[in-house]
Amino acid sequence: MIDVRTLRDNPDEIRAAQRRRGESEAIVDELISADEARRSSIGRYEALRAEQKQLGKKVAQASGDEKADLLARTKELAGEVKAADAASAEAAKAFDALFAGLPNLAAPEAPEGGEEDFVVREIVGEPRDFAAEGFEPLDHLELGKRLGAFDIERGAKVSGARFYFLTGIGAQLELALVSMAMERAAAWGFTPMIPPALVKPSAMEGTGFLGQAADDVYHLPKDDLFLVGTSEVPLAAYHSDEILDADTLPRRYAGFSPCYRREAGSYGKDTRGIFRVHWFDKVEMFVYATPEDSYAVHEELLAHEQDWLNALELPYRVIDVAAGDLGLSAIRKFDCEAWIPTQGKYRELTSTSNCTQFQARRLSIRMRDGEQVTPLATLNGTLMASTRTIIALLENHQQADGSVRVPKALQPYLGGREILEPLS
RNA sequence: GGAGGUGUCGCAUAGUGGCCUAGUGCGCCCGCCUGCUAAGCGGGUUGAGGUUGAAACCUCUCGCGGGUUCAAAUCCCGCCACCUCCGCCA
């Protein structure tokens with residue numbers, strides 16, 4: 001959530017952000033009146049409660065008729081206090097429900113508009129000219145079959161559509177990528193983490209995934225637990241209800257976990273291969289920082305992501321995601337999209353968001369800076385999303401004979417292999 | 001899954017219905033004293049919210065949520081976490 005004081009003192013800033021996100025401006029006025037109702041009901045309750053406490057002390061000292069009189073008044077008061085308490089709790093609940101649905105502001109730098117209105121920040125590398133090389137590139141599914149890297153049919157047999165087994169070199173490739181990513185992250189000052197992939201509702205709610213994205217989340221009703229769609233969720237909740245010393249910031253974590261996504265509403269989209277799946281594994285960077293530092297940290301995360309894609313020798317572009325496509329929590333978001341030859345387009349491989357204090361307020365994560373205790377900023381960024389990284393590697397580094405070249409930086413993690421050969 | 005125990009301020013502990021506006025010790029911060037340090041002395045030391053120009057002030061916060069009562073750290077119920085034991089299990 002954003003700072004309530006912004007709502008009171010500067011509602012136009014929120015209206016402007018809502019407009020740029022293509023979201024309702026009317027919610028601002030609803031929030032303002034809900035906030036007023038909430039505050040006045042708190043005032044009523046507190047006045048009654050203060051009187052009750054005062055009289056309670058007198059009761060203890062009084063005796064005889066005096067005590068009987070006081071008890072009569074105080075008994076009546078007890079009912080009023082209870083009613084006022086209930087009324088203020090209800091008003092608070094109404095406000096909170098509305099407020100929780102309000103997205104973060106949008107950075108002024110974020111492009112205005114929807115999904116298609118991103119701005120290209122940078123293009124790195126050049127897509128290969130397969131025609132010039134004299135062969136038609138195979139898509140990742142075909143390459144995967146020849147290499148024995150994954151098995152879609154049996155994934156569907158065992159778990160359903162959009163599931164797969166990574167097999168043979170595919171499984172080895174993932175482990176190599178994970179090791180390489182974790183090792184690099186550790187060298188950059190990130191603490192390697194393997195977090196739980198099953199979390200309580202508060203963690204899901206706090207990171208903002210039960211809003212617009214709720215349909216995309218797996219829920220286990222019997223235990224009221226959620227399967228995370230990214231380790232951002234447990235890594236953000238890791239320090240919930242804590243006050244961190246500002247001197248210890250930024251704190252950088254790199255989490256490796258499975259990610260589960262229902263992909264509701266994506267029927268018929270990206271059905272071929274393992275591009276869009278219900279489960280994949282990912283190494284995610286997560287940083288707790290001061291709000292002032294968050295902008296620089298965001299650039300740092302982007303630089304790490306680019307460094308990673310450079311090491312894998314993939315052609316890609318960086319886009320500045322438009323306000324309407326930021327999601328609930330982010331104020332700004334950069335995606336790195338790798339070139340997928342057989343699709344003839346750039347597709348998202350990594351994404352980094354600055355959530356400023358939005359998640360920290362929901363999860364109650366604060367920092368102590370001298371005398372001040374204030375919410376801190378959280379940021380996240382993908383380092384290595386296994387399936388899409390494997391797709392990009394196979395397609396971009398394929399050779400005319402169906403083999404795949406292993407980029408130099410990855411070779412040590414595959415026992416020095418330079419080429420992945422088709423099975424037979 | 002079953003039985004029992006524990007949960008109080010950063011840490012340790014006191015507190016069995018009103019004198020708790022939660023005491024004490026340690027730690028920490030500020031000051032005094034002192035060749036320096038230590039000791040000693042005095043003061044401060046959870047967080048959230050309301051109100052205000054600001055301060056004063058008020059409300060909430062003794063694991064969490066309900067209940068009983070005029071009044072709850074204290075009594076009752078539910079939940080959570082941790083510990084011990086039994087069962088099951090990678």
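Just so we're clear, the structure is a prediction, and the values are computed from it rather than from any experiment. Proteins get letters first, then strands, A, B, ... in listed order; numbering begins at 1 in each.
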Trainee: Answer yes or no: does a side-chain N or O of Q52(A) lie under 4.0 Å from OP1 or OP2 of A71(B)?
Mentor: yes
Trainee: Let's test this: given Watson-Crick or G-U wobble pairing with both distances under 3.5 Å, identify the partner of A72(B).
Mentor: none
Trainee: Look at all strands and tell whether R44(A) reaches a base, only sugar-phosphate, or nothing, counting heavy atoms closer than 4.0 Å.
Mentor: nothing
Trainee: Say we look at C79(B) and C29(B): how far apart would their P atoms be, to the nearest angstrom?
Mentor: 44 Å
Trainee: Can you classify the ring geometry of H304(A) versus W188(A) as parallel (below 30°), tilted (30 to 60°) or perpendicular (above 60°)?
Mentor: parallel
Trainee: Please say whether the positively charged group of R121(A), taken as NZ for Lys or CZ for Arg, lies over the ring of F334(A), i.e. under 6.0 angstrom from the six-membered ring centre and within 45 degrees of the axis.
Mentor: yes
Trainee: Between G7(B) and U69(B), how many Å separate the two P atoms, rounded to a whole number?
Mentor: 27 Å
Trainee: When we call it a touch if two heavy atoms are under 4.0 Å apart, what does K200(A) touch: a base, just sugar-phosphate, or nothing?
Mentor: nothing
Trainee: Just verifying a value: how many Å separate H397(A) NE2 and E313(A) CD, rounded to the nearest 0.5 Å?
Mentor: 5.5 Å
Trainee: Rounding to the closest angstrom, what is the interatomic distance between G5(B) and C9(B) at atom C1'?
Mentor: 24 Å
Trainee: With a 4.0 Å cut-off on heavy atoms, is E76(A) in touch with a base, just the backbone sugar-phosphate, or nothing at all?
Mentor: nothing
Trainee: Could you measure between the two C1' atoms, the one in C19(B) and the one in U68(B), and give it in whole Å?
Mentor: 24 Å
Trainee: If G87(B) has a Watson-Crick or G-U wobble mate with both distances under 3.5 Å, name it; if not, just say none.
Mentor: none
Trainee: What does R8(A) touch in the nucleic acid at a heavy-atom separation under 4.0 angstrom: a base, only the sugar-phosphate, or nothing?
Mentor: sugar-phosphate
Trainee: Using the side-chain hydrogen bond (donor to acceptor under 3.5 Å, both in side chains) definition, which of the options D320(A), N354(A), T352(A), T356(A) pairs with R332(A)?
Mentor: D320(A)
Trainee: For G7(B), give the paired nucleotide (Watson-Crick: N1-N3 plus N6-O4 or O6-N4; G-U: N1-O2 and O6-N3; both under 3.5 Å), or none.
Mentor: C80(B)
Trainee: Between K75(A) and G43(A), name the one whose nearest nucleotide on RNA chain B is closer to the 5' end.
Mentor: G43(A)
Trainee: How close or far is atom P of G53(B) from atom CG of D9(A), stated in whole angstroms?
Mentor: 13 Å
Trainee: Does E25(A) pair with R19(A) as a salt bridge, N-O distance under 4.0 Å?
Mentor: yes
Trainee: Distance check: side-chain N/O of R38(A) vs OP1/OP2 of G50(B), anything under 4.0 Å?
Mentor: yes
Trainee: Is there a side-chain polar atom (N or O) of K53(A) under 4.0 Å from OP1 or OP2 of C60(B)?
Mentor: yes
Trainee: What is the pairing partner of U51(B), taking Watson-Crick or G-U wobble pairs with both distances under 3.5 Å in any strand?
Mentor: none
Trainee: Roughly, in whole Å, what's the span from CZ in R49(A) to C1' in U21(B)?
Mentor: 14 Å
Trainee: Would you give the length of the straight line joining atom CG of L227(A) to atom OG of S257(A), rounded to the nearest 0.5 angstrom?
Mentor: 10.5 Å
Trainee: Considering only atom P, compute the distance from C41(B) to U24(B) and round it to an integer number of Å.
Mentor: 14 Å
Trainee: Should A12(B) form a Watson-Crick or G-U wobble pair with both distances under 3.5 Å, which nucleotide is its partner?
Mentor: U24(B)
Trainee: Write down the partner of C32(B) under the Watson-Crick or G-U wobble criteria, each distance required to be under 3.5 Å.
Mentor: G40(B)
Trainee: Map V373(A) and A50(A) onto RNA chain B by nearest heavy atom, then report which one ends up closer to the 5' terminus.
Mentor: V373(A)
Trainee: Can you check whether R73(A) has a side-chain N or O nearer than 4.0 Å to OP1 or OP2 of C70(B)?
Mentor: no
Trainee: Reckon R368(A) has a side-chain N or O less than 4.0 Å from the OP1 or OP2 of G47(B)?
Mentor: yes
Trainee: Just checking R366(A): base, sugar-phosphate only, or nothing, at a heavy-atom cut-off of under 4.0 Å?
Mentor: sugar-phosphate
Trainee: Please report the distance, rounded to the nearest Å, between CG in L244(A) and C1' in U46(B).
Mentor: 16 Å
Trainee: Tell me if the centroids of the rings in F226(A) and Y218(A) come within less than 6.0 Å of each other.
Mentor: no
Trainee: Roughly how far apart, to the nearest Å, are C33(B) and G27(B) at atom C1'?
Mentor: 22 Å
Trainee: Rounding to a whole Å, what distance do you find between L55(A):CG and U59(B):P?
Mentor: 12 Å
Trainee: Is the phosphate of G66(B), meaning OP1 or OP2, less than 4.0 Å from a side-chain N or O of K82(A)?
Mentor: no
Trainee: Can you classify the ring geometry of Y164(A) versus W279(A) as parallel (below 30°), tilted (30 to 60°) or perpendicular (above 60°)?
Mentor: parallel
Trainee: Whole angstrom is fine here: how far is it from CG in D369(A) over to P in G47(B)?
Mentor: 14 Å
Trainee: What is the distance, rounded to the nearest whole Å, between atom CD of E51(A) and atom P of C70(B)?
Mentor: 16 Å
Trainee: Expressed in angstrom and rounded to an integer, what is the separation of K93(A) atom NZ from G66(B) atom C1'?
Mentor: 14 Å
Trainee: Tell me the partner of C62(B), counting only Watson-Crick (N1-N3 plus N6-O4 or O6-N4) or G-U wobble (N1-O2 and O6-N3) with both under 3.5 Å; none if nothing fits.
Mentor: none
Trainee: Distance between the C1' atoms of C60(B) and G42(B), in whole angstroms?
Mentor: 32 Å
Trainee: To the nearest angstrom, how far is D223(A) atom CG from C80(B) atom P?
Mentor: 11 Å
Trainee: Pick the P atom in G23(B) and in U6(B), then give their distance to the nearest Å.
Mentor: 25 Å
